[in-house]
Amino acid sequence: MTATATRVLVLNSGSSSVKYQLLDMNPDSGGGPAAGTRLAVGLVERIGEETSRLAHTPLATGGDKRETEGPIADHGAALKAVAAELSADGLGLDSPQLAAIGHRVVHGGLKFTAPTVIDDAVLAEIERLVPVAPLHNPANITGIRTAQALRPDLPQVAVFDTAFHTTMPEYAARYAIDVATADAHRIRRYGFHGTSHAYVSRKTAELLGKDPSEVNVIVLHLGNGASASAVAGGRCVDTSMGLTPLEGLVMGTRSGDIDPAVTFHLKRVAGMSEDDVDVLLNKKSGLVGLCGDNDMREIRRRIDEGDERAELAFDIYIHRLKKYIGAYTAVLGRVDAVAFTAGVGENAAPVRAAALAGLEEMGLAVDADLNAVRSGEPRLISPECARVAAAVVPTDEELEIAQQTYALVSA
Ligand code: AMP
């Protein structure tokens, strides 16, 4: 890496999409962009279809968003198209200013507790974890291989969704099942959304004017996928997702917690296959299963029109959230803040108000005026007298991945 190499390309590769951001991590910003400045952001969708779409915004030049539609056959073609867009703005991937490519990798098992420079052995381990992350790790691997082919000389860094949760004590991470079976198949709670939980818990401490080591935070990452975590002094001590991202809160399309016997029952009584049950619980459950919509805006709109199904779905979603807030209050003993983040957490004031309603005995309260404020900044929504702070803290997984990647390659 040269002294001027301060840029990091962050890639988040899904099965048919690639999200990307090019950031400048310029550490001493003397005259240059401030650390974490976004130079370009974009998204390639529907890879492998006739109607693939690339949307690219060149923030560095202040240019408008450019959108192109047309077939993009695979991830290799997608990344080449992204590289061409970046080149057009003088931000090409061949630039000596590019320090590294940071990849979001969903499952890092127990082995990866920190961001890791990817070599053949690391890639083989990520591949070994495919059975526990069949929806995510294969796409992440494709993204890594594609980027390696494009810039074989450049450090490629994996930042794992699971890493932040590897500090969970054994009693929180283990399921109460036969130990030999669990160990043979690496069955335990890993947790996900770790980069978000790490970023948001740190930012919440900052909002309170404290060092992360001094505060206990419950982070509620409420997006289409949703998870809660209990963070004590900057370390995760419990989280709601488990072996896979299916466990825990009610999500957009996933059931979250469910009696595992439901799965045998569906197989024995309803004649469903393993794959049918997998699709049911991951894609056709949660809010969409309960009321046909997974977008909280639409659900709120329907409730305002008196739709009872939407209202029940909302109530089930909130009830589960409350149970986790209660459980993590008990796990932490002392809670300094509850932080809401991600699409629903950052934008849906009624969700925040309902999740904390009636929890005054636990020191939690919401100030209606503060809760109604719309802003992209971290902010408090609790009244000053509340014993526990309630906050909205926008997440920034890409910045966190870029920071972790740059810290590793510039060390
Ligand atoms: P994410 O996965 O973090 O991108 O969050 C996506 C979800 O955020 C969507 O499914 C919506 O339900 C929710 N969302 C986004 N904007 C709003 C809003 N203004 N009000 C309520 N929910 C929102």
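Keep in mind that what you see is a predicted model, and the values were worked out from it rather than measured.
Rounding to the nearest 0.5 Å places CD1 of Ile401 at 11.0 Å from CD of Gln403. Here Ser227 contributes atom OG and Met251 contributes atom CE; the two are 7.5 Å apart, rounded to the nearest 0.5 Å. Distance check, rounded to the nearest 0.5 Å: NE2 of His56 to OG1 of Thr68 gives 10.0 Å. To the nearest 0.5 Å, atom NZ of residue Lys80 and atom CG of residue Leu150 are 7.0 Å apart. Glu125 contributes atom CD, which lies 10.0 Å from atom CG of Asn137 (distance to the nearest 0.5 angstrom). Rounding to the nearest 0.5 Å gives a distance of 9.5 Å between OG1 of Thr51 and CD of Glu45.
Of the possible polar contacts, one joining the Ser52 side chain to the Arg46 backbone as a donor-acceptor pair under 3.5 Å is found. Formation of a donor-acceptor pair under 3.5 Å by the Arg188 side chain with backbone atoms of Ala173 is not found in this model. For the pair Ser375 (side chain) and Glu377 (backbone), a donor-acceptor distance under 3.5 Å is present. Within the 3.5 Å criterion, the main-chain N or O of Thr162 finds no donor-acceptor partner in the side chain of Thr166. Of the possible polar contacts, one joining the His165 side chain to the Phe192 backbone as a donor-acceptor pair under 3.5 Å is found. Side chain of Asn140 to main chain of Ser13: a donor-acceptor pair is present (N/O by atom type, distance under 3.5 Å, no hydrogens or angles). The backbone N or O of Thr253 lies less than 3.5 Å from no partner atom in the side chain of Ser285, so there is not a single donor-acceptor pair. Side chain of Asp367 to backbone of Asp369: a donor-acceptor contact under 3.5 angstrom is found. Here the side chain of Tyr406 pairs no donor or acceptor atom with the backbone of Gly36 at under 3.5 angstrom. Side-chain N or O atoms of Arg189 include none that pairs as donor or acceptor with a backbone N or O of Glu247 at under 3.5 Å.
Looking at His75 and Thr146, their side chains never bring a donor and an acceptor atom within 3.5 Å of each other. Tyr324 and Asp238 share no side-chain donor-acceptor pair at under 3.5 Å. For the 3.5 Å distance criterion, the side chains of Thr37 and Asp24 fail to qualify, holding no donor opposite an acceptor. Side-chain atoms of His221 and Ser196 form a donor-acceptor pair, as typed in the model, at a separation below 3.5 Å. Side chain to side chain, Asp275 and Ser273 fail the donor-acceptor criterion of an N or O pair below 3.5 Å.
With salt bridges taken as basic N to acidic carboxylate O contacts below 4.0 Å, one links Arg66 and Asp89. Taking a cutoff of 4.0 Å between a charged side-chain nitrogen and a carboxylate oxygen, Arg151 and Asp153 qualify as a salt bridge.
Of all the heavy atoms in Ala232 and Leu332, the pair that sits closest is CB-CD2, 3.8 Å. Of all the heavy atoms in Pro138 and Val130, the pair that sits closest is CG-CG1, 3.9 Å. Heavy atoms only, all atoms of each residue included: Ile218 and Ile325 are closest at CD1-O, 3.7 Å. Across every non-hydrogen atom of Ile381 and Ala391, the tightest pair is CG1-N, 4.0 Å.
The shortest side-chain heavy-atom distance between His197 and Cys236 does not fall under the 4.5 Å cut-off. Looking at Thr395 and Glu400, their side chains never come closer than 4.5 Å, going by heavy atoms from C-beta outward. When side chains are defined from C-beta on, Val41 does not count as touching Tyr20, because their heavy atoms never get closer than 4.5 Å. The closest side-chain heavy-atom distance from Ile118 to Gln148 is below 4.5 Å. For the pair Met296/Leu287, a side-chain contact is recorded, criterion being any heavy-atom separation below 4.5 Å from C-beta on. With contacts defined as side-chain heavy-atom distances shorter than 4.5 Å, the pair Thr239/His193 does not qualify. You'll find the side chain of Tyr317 reaches within 4.5 Å of the side chain of Leu222, heavy atoms only. Looking only at side-chain heavy atoms (C-beta outward), Leu364 and Val338 come within less than 4.5 Å of each other.
Crowding of Asp120 atom CG: a count of heavy atoms from other residues, nucleotides or ligands under 6.0 Å not exceeding 12. Around CZ of Arg174, the count of heavy atoms belonging to other residues, nucleotides or ligands within 6.0 Å exceeds 12. The number of heavy atoms from other shown groups lying within 6.0 Å of CD (Glu305) is above 12. Around the CG atom of Asp119, the shell of radius 6.0 Å holds more than 12 heavy atoms that belong to other residues, nucleotides or ligands. The neighbour count for Glu274 CD, taken as heavy atoms of other residues, nucleotides or ligands under 6.0 Å away, does not exceed 12. Taking a 6.0 Å sphere around NZ of Lys210, one finds it holds 12 or fewer heavy atoms contributed by other residues, nucleotides or ligands. The environment of Lys322 atom NZ is dense: over 12 non-hydrogen atoms of other residues, nucleotides or ligands sit within 6.0 angstrom.
Residues meeting the ring-ring contact (aromatic ring centres under 6.0 Å, His included) test with His136, sequence neighbours left out: none. Residues satisfying the side-chain hydrogen bond (donor to acceptor under 3.5 Å, both in side chains) test with Glu311, not counting sequence neighbours, are none.
Identified under the side chain to side chain donor-acceptor pair (under 3.5 Å) test for residues 342-353, with sequence neighbours left out: Thr341-Glu346, Asn347-Arg374, Arg352-Asn371.
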Problem - Test side-chain contact (heavy atoms from CB on, under 4.5 Å) applied to Thr195 and Asp161, step by step - result: CA-CA 6 Å; Thr195 29; Asp161 267 21; 3.8 Å; yes
Practice task
Starting from the C-alpha separation in whole Å, work towards a yes-or-no answer on side-chain contact (heavy atoms from CB on, under 4.5 Å) for Leu123 and Arg145.
Solution key: CA-CA 9 Å; Leu123 203 51; Arg145 290 225 166 93; 3.8 Å; yes
